[in-house]
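Note on naming: letters A, B, ... go to the chains in the order of the sequence lines (proteins, then strands), and numbering restarts at 1 for each one.
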Number of protein chains: 2
Amino acid sequence: MSLCLRVLKPRSSLWRRSQSISTRSFPTTPTPAFPDEYSHAEIVTSQVPGSKSQQQLGRLAALQNTGAINFFVDYVASKGNYLVDIDGNRFLDVYGQIASLPIGYNHPKILEAVSNKDNLAMLAQRPCLGVFPPADWVDRIDETLLKVAPRGLEDVNTLMCGSCSNENAYKVVFMWFQNKLRGGRPPSKHDLETSMMHQLPGTPNLSILSFQGGFHGRLLGCLSTTHSKAIHKVDVPAFDWPIAPFPKLRYPRDIHQAANEAEEARCLNEVERLLKGSAEVTKPEDSRIAGMIIEPIQAEGGDNHASPAFFRKLRDLAAKHGVAFIVDEVQTGGGSTGKFWAHEHWELKNPPDLVTFSKKLQTGGYFAKGEFRLKEGYRIFNTWMGDPTKMIILKAVLDVVESDNLLENVNITGAYLKTGLNEIATEFPALVANVRGQGTYLAMDFPTEAVRNEFVSLMKTKGVASGGCGGNSVRFRPSLVFQPKHAAEYLDKMHEVCKILAKA
Amino acid sequence: MSLCLRVLKPRSSLWRRSQSISTRSFPTTPTPAFPDEYSHAEIVTSQVPGSKSQQQLGRLAALQNTGAINFFVDYVASKGNYLVDIDGNRFLDVYGQIASLPIGYNHPKILEAVSNKDNLAMLAQRPCLGVFPPADWVDRIDETLLKVAPRGLEDVNTLMCGSCSNENAYKVVFMWFQNKLRGGRPPSKHDLETSMMHQLPGTPNLSILSFQGGFHGRLLGCLSTTHSKAIHKVDVPAFDWPIAPFPKLRYPRDIHQAANEAEEARCLNEVERLLKGSAEVTKPEDSRIAGMIIEPIQAEGGDNHASPAFFRKLRDLAAKHGVAFIVDEVQTGGGSTGKFWAHEHWELKNPPDLVTFSKKLQTGGYFAKGEFRLKEGYRIFNTWMGDPTKMIILKAVLDVVESDNLLENVNITGAYLKTGLNEIATEFPALVANVRGQGTYLAMDFPTEAVRNEFVSLMKTKGVASGGCGGNSVRFRPSLVFQPKHAAEYLDKMHEVCKILAKA
């Protein structure tokens with residue numbers, strides 16, 4: 001019967017199922033299975049995107065550039081770790097809406113929250129949170145962002161998205177820096193007047209130090225601190241702010257410890273040279289560094305890591321030279337490194353000055369030490385200042401992270417996946433290298449950009465939605481409900497694809 | 001009985017009602033009354049904000065600067081034109097969430113849309129619209145933004161908020177400008193490489209021309225084109241881009257026609273001088289103007305107007321010098337000037353190159369001519385690229401604008417309100433002047449900032465939520481369901497407050 005079906009209906013789900021369920025053994029986690037999740041990925045069209053997606057793509061192409069569109073999604077049918085496209089293809093999703101999917105598609109707790117009648121009025125309005133906040137606004141912050149506030153950071157502001165959060169973090173750092181220079185006095189009449197003409201002293205020549213390979217967004221301020229891909233930057237004017245090297249480590253890190261320590265020392269020396277140069281500036285027109293921004297793991301730049309010791313030294317350098325230390329946790333924040341914030345892995349004695357967030361948190365914003373609190377209103381402001389409906393979702397997300405032990409799940413699943421990736425890398429040494437990362441925030445390298453792209457493309461035909469980063473890396477950004485059985489399914493498909501690529 | 005109640009219960013709603021319902025006659029509009037709306041504003045606490053708001057304010061002040069907070073809002077109880085605070089005060093709202101409230105609070109059509117089960121999955125996810133758009137994404141654009149697309153602008157991109165929309169409009173203008181210089185060729189390898197180091201030619205020295213008094217947002221790029229209030233700009237580095245004067249007109253405009261024409265000519269001459277200077281640049285390191293941005297009515301800067309002829313000439317100057325003409329309709333767009341887009345009043349032969357929007361549209365974004373379409377993906381991009389849940393709301397909004405004849409309502413109500421404001425200005429010439437505007441997008445001046453603030457504050461104690469702009473103006477930004485009876489209620493209260501201020 002089964003054989004018969006295989007012959008007669010090569011694309012029936014029964015046939016697929018027999019192909020797809022992994023025979024690998026995998027560990028258990030304390031996290032319950034996602035309710036009513038699909039058992040496996042399944043591709044039903046001869047090519048991806050399928051004809052329905054292509055038709056929609058054609059329509060959208062009349063209105064805008066569609067170069068980044070993968071396919072159109074059936075968000076009703078998508079569930080847990082499986083993203084379903086409008087042609088009925090079902091993908092195991094290890095990309096998670098560019099790391100912004102917190103607990104899978106259509107989680108019952110989120111569906112329950114947004115269909116709760118008590119939340120209806122909030123879903124129907126778009127209030128100015130900075131002027132007319134809703135009745136329960138402080139409660140909503142209390143039960144979401146404050147529950148996960150990084151240690152030592154008492155202030156929090158919500159904002160629109162990751163770029164907006166970084167951009168506003170820079171602004172608050174500039175204001176803090178000038179406030180220090182003025183000895184805590186508010187801006188003078190002369191400061192205010194000159195700022196209207198972009199002249200000193202009202203418009204100071206301050207900068208944010210950033211790192212080669214870093215990505216902090218695409219608005220004009222944060223794009224000046226983004227150094228991952230040229231196509232994001234070319235043709236756009238930029239602030240001429242200093243850029244320091246980020247360590248180029250060799251993996252596995254423990255085997256290359258001495259070389260990596262030397263590389264980190266080289267980068268720290270350059271940072272210190274830049275900070276010293278800035279501190280020695282005497283003329284008001286010369287540029288001074290007010291803050292530095294860094295990702296715990298450079299994501300878009302290729303999942304570049306550095307050691308906790310590197311970050312601890314960097315943090316101390318910033319403090320020593322009176323420069324704000326901003327940690328950009330837009331992509332790393334929210335649990336996928338196995339801790340809620342990736343910078344927790346560093347065990348800093350002196351916490352970061354500011355931590356920016358977005359993506360998995362569903363709302364943008366930043367946490368800050370109290371000394372970054374502004375005295376005047378309307379200086380960090382926009383019409384909306386975030387969106388309370390995303391706080392409704394965030395509440396459900398954080399409740400599930402806690403009740404379903406998702407951080408433990410991430411650690412167990414991540415370790416299992418990493419082991420499996422290393423086994424495949426050992427089997428295909430000419431193909432896969434530099435398996436690295438923490439929790440499920442993993443990555444690996446391919447020999448070239450072309451091979452990497454071919455790998456991602458073949459994985460898509462096998463039913464895996466994944467994404468690259470840097471020149472030749474693939475990154476894992478599944479949601480926090482990604483479990484060992486999903487990792488096993490991924491590894492099976494990756495093994496198949498590597499066999500194909502190795503023969504090619 | 002009524003008298004008795006007044007004596008015994010001076011704050012009962014019956015007493016208030018007898019005080020509040022206007023005896024003014026007012027015109028009818030084709031717009032039905034807002035379902036189950038309150039009949040009038042009502043203040044029940046001895047001061048605003050009341051004790052409950054003050055308690056919440058105290059809690060929020062532990063987390064962030066709260067200098068811009070007016071009071072905390074009961075968004076369940078708010079309805080139509082009435083904003084209800086958590087102390088039970090009910091305000092007639094002529095500020096409309098800083099011009100971002102399209103059709104009043106809790107409109108039944110919006111409530112229906114967000115509680116429609118078909119929309120549930122969309123409310124529960126936050127997709128990457130630029131990579132994995134939802135199945136009905138093109139339909140959603142079709143039935144919302146395309147229905148109101150400005151004539152001649154075929155492209156549309158959704159974005160996060162007004163600032164984000166302007167900032168991305170600048171980016172697309174810079175890319176367009178460089179593309180023209182390259183004769184349509186893509187960026188070269190050298191362009192790409194130099195852009196990573198912020199060097200010529202990859203990082204060009206381009207600018208956006210803006211106008212004194214203009215407001216285009218607070219991100220680092222658009223803040224360089226914002227010139228309304230120093231407190232928004234001070235301490236923040238800026239691009240040193242050219243700034244042209246915006247006409248300082250005298251009102252009523254028809255009485256001062258000759259002087260106003262001369263003033264507009266002065267400003268146009270200066271714009272032309274700047275554009276000519278830019279066009280004559282020969283060295284690649286010298287700054288060139290790639291685009292200009294202007295609001296149809298300078299809102300934050302004080303509701304400053306210019307004539308349609310001024311804008312027509314400006315548009316032609318931009319075209320003549322090969323510079324993109326961006327119209328910022330973040331605040332003016334959406335119908336409150338009596339046309340859906342304020343720039344429709346200009347009757348341009350050559351449409352704007354780009355029109356940015358947000359606020360009443362509930363989602364940010366820009367419309368553009370086809371020539372601004374990028375050839376490469378990921379150049380105008382962020383993780384979310386907007387929010388499809390706001391398109392659900394926008395659909396309901398636009399349906400109601402059409403079914404309830406809201407543009408006609410705006411024109412009738414605006415004319416009635418403007419007449420009433422002019423009558424009060426005639427009665428209190430030392431207090432109120434320069435009544436101006438189109439539709440319900442009106443404004444008036446007070447002698448000083450202090451008197452203006454006192455007026456806004458006294459109006460609040462009478463149950464009116466309103467907002468200032470510029471140094472000494474009050475702006476009207478009610479939603480589109482603001483009707484003559486609401487205008488009559490406003491005028492009654494304004495008359496009372498002016499009597500108090502005139503005696504002071």
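Residue Lys390(B) touches chain A through its side chain alone, counting heavy-atom pairs closer than 4.5 Å. Using a 4.5 Å cut-off between heavy atoms, Pro204(B) contacts chain A through both its backbone and its side chain. With a 4.5 Å cut-off on non-hydrogen atoms, Asn205(B) does not touch chain A at all. Using a 4.5 Å cut-off between heavy atoms, Thr363(B) touches chain A through its backbone atoms (N, CA, C, O) alone. Ala62(A) touches chain B through its backbone: at least one of N, CA, C or O sits under 4.5 Å from a heavy atom, while the side chain does not. At a 4.5 Å heavy-atom cutoff, the contact between Ile393(B) and chain A is made by side-chain atoms alone. At a 4.5 Å heavy-atom cutoff, Asp136(B) makes no contact with chain A through either its backbone or its side chain. Both the backbone and the side chain of Arg59(A) come within less than 4.5 Å of a heavy atom in chain B. Residue contact with chain A, scored on non-hydrogen atoms closer than 4.5 Å, involves the backbone of Ala61(B) exclusively. Neither the backbone nor the side chain of Asp85(B) comes within less than 4.5 Å of any heavy atom in chain A. The contact between Phe381(B) and chain A is made by backbone and side chain atoms together, counting heavy-atom distances below 4.5 Å. Proximity to chain A (any heavy atom under 4.5 Å) is restricted, for Ile86(B), to the side chain, taken from C-beta onward. Using a 4.5 Å cut-off between heavy atoms, Met196(A) touches chain B through backbone and side chain atoms alike. For Lys52(B), no part lies near chain A; criterion is any non-hydrogen pair under 4.5 Å. Interface remark: Ile380(B) contributes no atoms to any contact with chain A (heavy atom separation under 4.5 Å). For a residue to count as touching a neighbouring chain, one of its non-hydrogen atoms must lie under 4.5 Å from one of that chain's; by this rule Leu83(B) touches chain A with the side chain only. If you measure heavy-atom distances from Ile243(B) to chain A, the contacts under 4.5 Å come from the side chain alone.
For the set Pro127(A), Ser228(A), Ala465(A), the count of heavy-atom pairs under 4.5 angstrom toward chain B peaks at Pro127(A). By number of non-hydrogen pairs under 4.5 angstrom with chain B, the leading residue of Gln178(A), Arg373(A), Arg379(A) is Arg373(A). When the candidates Gln199(B), Glu193(B), His227(B) are compared by the number of heavy-atom contacts under 4.5 Å with chain A, His227(B) comes out ahead. Among Leu219(B), Thr383(B), Asp74(B), the residue with the largest count of heavy-atom pairs under 4.5 Å with chain A is Leu219(B). Across Ile392(A), Asn179(A), Thr203(A), Asn106(A), the residue that shares the most heavy-atom pairs under 4.5 angstrom with chain B is Asn106(A). Put simply, of Leu181(B), Leu145(B), Leu223(B), Asp139(B), the one with the most heavy-atom pairs under 4.5 Å next to chain A is Asp139(B). In terms of heavy-atom pairs under 4.5 angstrom with chain B, the leader among Ile110(A), Val138(A), Leu101(A), Val76(A) is Val138(A). In terms of heavy-atom pairs under 4.5 Å with chain A, the best-connected choice from Gly67(B), Cys222(B), Gly377(B), Ser195(B) is Ser195(B). Heavy-atom pairs under 4.5 Å with chain A peak, among Val330(B), Ile231(B), Leu146(B), Ile141(B), at Ile231(B). Between chain A and the options Pro133(B), Ser100(B), Ala124(B), Cys161(B), the largest number of non-hydrogen pairs under 4.5 Å is found for Pro133(B). Between chain B and the options Ala121(A), Gly162(A), Ser358(A), heavy-atom pairs under 4.5 Å are most frequent for Ala121(A). With chain B as partner, the option from Asp191(A), Asp142(A), Leu120(A) having the largest number of non-hydrogen pairs under 4.5 angstrom is Leu120(A).
The closest donor-acceptor contact from the side chain of Asn119(A) to the backbone of Ala113(A) lies under 3.5 Å. At distances below 3.5 Å, not a single donor-acceptor pair connects side-chain atoms of Asp240(A) with backbone N or O atoms of His198(B). For the pair Thr389(B) (side chain) and Leu123(B) (backbone), a donor-acceptor distance under 3.5 Å is absent. With hydrogens and angles disregarded, no donor-acceptor distance shorter than 3.5 Å links the side chain of Trp176(A) to the backbone of Leu374(A).
When only modelled atom types and interatomic distance are considered, Tyr105(B) and Asp93(B) share a side-chain donor-acceptor pair under 3.5 Å. Residues Lys233(A) and Thr226(A) have side chains that never bring a donor and an acceptor to within less than 3.5 angstrom of each other.
Residues Pro134(A) and Leu129(A) are in side-chain contact: their nearest non-hydrogen atoms beyond the backbone lie under 4.5 Å apart. Counting only heavy atoms from C-beta outward, the side chains of Asn168(A) and Arg218(B) never approach each other to under 4.5 Å. Proximity of Met175(A) to Pro187(A): side-chain heavy atoms (C-beta onward) are nowhere separated by under 4.5 Å.
Salt-bridge formation is not detected for the pair Arg126(A)/Asp387(B): no Lys NZ or Arg NE/NH1/NH2 atom is positioned less than 4.0 Å from an Asp or Glu carboxylate oxygen.
For Lys79(A), the salt bridge (charged side-chain N to carboxylate O under 4.0 Å, His left out) criterion is met by no residue, not counting sequence neighbours.
Not less than 6.0 angstrom separates the ring centroid of Tyr366(B) from the ring centroid of Phe372(B).
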